[in-house]
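Order of appearance sets the numbers: ligands from 1, and atoms from 1 within every ligand. Only heavy atoms go into these numbers, but all of them, side chains included; no hydrogens, no water, no symmetry mates. Throughout, residue positions are numbered sequentially from 1 according to the sequence presented.
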Amino acid sequence: MPLTRDAAVNTANVLSQALPYLQRFVGKTIVVKYGGNAMIDEELKSSFARDMVMLKLIGINPIVVHGGGPQIGELLNKLNIESHFVNGMRVTTTETMDVVEMVLGGLVNKSIVTLINQNGGNAIGLTGKDGQLLHARKLTVTKATPDLEKPEIIDIGHVGEVSSINVKVLEMLTNSDFIPVIAPIGVGEDGASYNINADLVAGKVAEVLKAEKLILLTNIAGLMDKQGQVLTGLSTKQVDDLIADGTIYGGMLPKIQCALDAVHAGVTSAHIIDGRVAHSTLLELFTDEGVGTLITNRKG
Ligand SMILES: Nc1ncnc2c1ncn2[C@@H]1O[C@H](COP(=O)(O)OP(=O)(O)O)[C@@H](O)[C@H]1O
Ligand SMILES: CC(=O)N[C@@H](CCC(=O)OP(=O)(O)O)C(=O)O
């Protein structure tokens, strides 16, 4: 349907208002973490894919890292395997690791790649095994005990952290106009698979690429205080206090940790935004309002 004159003028105004942001971000790399909880319905998934295609077309370099926690949980459920989490990380037995690899590297990765390609982009899906993109080592998780000198070490199985990233693979793809879509599975020195929290992978990718922004799309309006108000412009000290008093828990723990690590390592800003809002990435990048929690490297 053709636009009315008013609607057409409005569209032109919106495009024109985006000009200063375009000037700032063209040529820059933006790492977007697409959480499994933000993959709600087909329309929303399609709006995400269109945003990535549009960024690439206008000369911004999007790198997608995806999650898929709820999708893994669904298949584990069908297989009668229980899900357990420690500090927001899935306890990953050998049996669970197989399911994680199938769901993330197969189902979820290929559905995002297909959507981007259907919308006119050129996406290539990778797990950390492809081109040895993500080298991983076992993650050590500790729990405080009354004896502060000796925290208890908890074994959560095949859960990893990124030890190094083969940046050449990403550079090769992005220089050839592809959009990399990365599933958070790492490879150990012995070739073993590691399940890595997708937020942590996105944060590390943003760090090594010296990205302009790390955008974390999730299923909540942002980082909230106890009253449910979205918090923004937080310092490291404030975040530590919010973790200590239990305001930040579960899946928000790795998210906030990787956002802080990324900005400390030189990423200009990290954003935790509501992936349930259509075109939330474009709103965050190209409007003054923004749509979530902004974290920058502020001391205090
Ligand atoms: N302070 C907080 N503010 C907002 N969400 C929080 C907070 N603490 C914990 N959460 C939880 O973290 C969840 C987001 O993490 P997670 O479910 O792992 O998302 P994703 O799948 O997008 O990575 C929220 O839905 C919320 O339940
Ligand atoms: C170790 C660990 O917890 N890995 C995650 C990987 C997927 C993920 O991070 O998905 P979301 O971003 O959708 O939560 C998991 O198994 O659920």
Report the nearest protein non-hydrogen atom to [atom]: residue, atom name, distance rounded to 0.1 Å.
{"atom": "atom 26 (C) of ligand 1", "value": "Ile220 CD1, 4.0 Å"}
{"atom": "atom 27 (O) of ligand 1", "value": "Tyr249 OH, 4.1 Å"}
{"atom": "atom 3 (N) of ligand 1", "value": "Met224 N, 2.9 Å"}
{"atom": "atom 16 (O) of ligand 2", "value": "Arg90 NE, 2.7 Å"}
{"atom": "atom 18 (O) of ligand 1", "value": "Gly251 CA, 3.3 Å"}
{"atom": "atom 8 (C) of ligand 2", "value": "Gly67 CA, 3.8 Å"}
{"atom": "atom 5 (N) of ligand 1", "value": "Met252 CE, 3.3 Å"}
{"atom": "atom 13 (O) of ligand 2", "value": "Gly36 N, 2.7 Å"}
{"atom": "atom 2 (C) of ligand 1", "value": "Thr247 O, 3.6 Å"}
{"atom": "atom 23 (O) of ligand 1", "value": "Lys255 NZ, 2.6 Å"}

Establish, from distance only, whether the side-chain atoms of [X] and [Y] form a donor-acceptor pair under 3.5 Å.
{"X": "Asp245", "Y": "Thr247", "answer": "yes"}
{"X": "Asp261", "Y": "Gln257", "answer": "yes"}
{"X": "Lys56", "Y": "Asn61", "answer": "yes"}
{"X": "His279", "Y": "Asp51", "answer": "yes"}
{"X": "Thr96", "Y": "Thr93", "answer": "yes"}
{"X": "His271", "Y": "Ser269", "answer": "yes"}

Can an N or O of [X] be found at a distance shorter than 3.5 Å from an N or O of ligand 2?
{"X": "Gly69", "result": "yes"}
{"X": "Lys33", "result": "yes"}
{"X": "Leu104", "result": "no"}
{"X": "Thr92", "result": "no"}

Checklist entry - So Met39 and Gln71, side-chain contact (heavy atoms from CB on, under 4.5 Å) or not? Walk me through it. => result CA-CA 9 Å; Met39 302 169 194; Gln71 293 77 358; 3.7 Å; yes

Checklist entry - side-chain contact (heavy atoms from CB on, under 4.5 Å) between Val267 and Lys213: does it pass, once the steps are laid out? => result CA-CA 6 Å; Val267 174; Lys213 282 179 187 287; 5.5 Å; no

Next on the checklist: Less than 4.0 Å is my threshold; does some heavy atom of Gly68 fall inside it relative to ligand 2?
Outcome noted: yes

Checklist entry - Are Val9 and Arg5 close enough, and set up right, to give a side-chain contact (heavy atoms from CB on, under 4.5 Å), and what steps lead you there? => result CA-CA 6 Å; Val9 169; Arg5 173 139 180 89; 4.3 Å; yes

For ligand 1, which atoms have a heavy atom of [X] less than 4.0 angstrom away?
{"X": "Asn219", "value": "14 (C), 24 (C), 25 (O)"}
{"X": "Thr218", "value": "14 (C), 19 (O), 20 (P), 22 (O)"}
{"X": "Asn37", "value": "16 (P), 17 (O), 19 (O), 20 (P), 21 (O)"}
{"X": "Gly35", "value": "22 (O)"}
{"X": "Leu223", "value": "1 (N), 2 (C), 3 (N)"}
{"X": "Gly222", "value": "3 (N), 4 (C)"}

Checklist entry - Can you list the ligand 2 atoms lying under 4.0 Å from a non-hydrogen atom of Ile72? => result 15 (C), 16 (O), 17 (O)

Checklist entry - Is ligand 2 under 4.0 Å from a heavy atom in the side chain of Ile196, in the backbone, in both, or in neither? => result backbone

Next on the checklist: For His158, run the side-chain hydrogen bond (donor to acceptor under 3.5 Å, both in side chains) check against Thr92, Asp98, Thr94, Asn195 and tell me which one passes.
Outcome noted: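 Going through Thr92, Asp98, Thr94, Asn195 one by one, the side-chain hydrogen bond (donor to acceptor under 3.5 Å, both in side chains) with His158 is satisfied by Thr94 alone.
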
Checklist entry - Where the closest heavy atom to atom 6 (C) of ligand 2 is concerned, which of Val159, Asn195, Val108 has it? => result Asn195

Checklist outcome for this item: Ranking Pro254, Ala198, Gly251 by closest non-hydrogen atom to atom 9 (O) of ligand 2, top hit is Ala198

Next on the checklist: Under the criterion side-chain contact (heavy atoms from CB on, under 4.5 Å), I'd like the reasoning laid out for Leu217 against Lys33: C-alpha separation, chi angles, the key distance, then a yes or no.
Outcome noted: CA-CA 6 Å; Leu217 290 177; Lys33 189 270 174 153; over 6 Å; no

Checklist entry - What orientation do Phe286 and Phe25 show, parallel under 30°, tilted 30 to 60°, or perpendicular over 60°? => result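 Tilted.
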
Next on the checklist: Tell me if a side-chain donor or acceptor on Asp241 pairs with a main-chain N or O of Gln238 at a distance below 3.5 Å.
Outcome noted: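 No: the side chain of Asp241 does not pair with the backbone of Gln238.
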
Checklist entry - Are the side chain of Lys138 and the backbone of Gly157 linked by a donor-acceptor contact shorter than 3.5 Å? => result yes

Could you pull out all donor-acceptor pairs under 3.5 Å where a side-chain atom in residues 159-168 meets a protein atom, sequence neighbours excluded?
from: Glu161; atom 1: OE2; to: Arg137; atom 2: NE; distance (Å): 3.2
from: Ser163; atom 1: OG; to: His135; atom 2: O; distance (Å): 3.1
from: Asn166; atom 1: OD1; to: Lys168; atom 2: N; distance (Å): 3.4
from: Asn166; atom 1: ND2; to: Gly131; atom 2: O; distance (Å): 2.9

Next on the checklist: Is there a polar contact, in the sense of an N or O pair closer than 3.5 Å, between Gly250 and ligand 1?
Outcome noted: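 No - when backbone and side-chain N and O of Gly250 are compared with those of ligand 1, no distance drops under 3.5 Å.
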
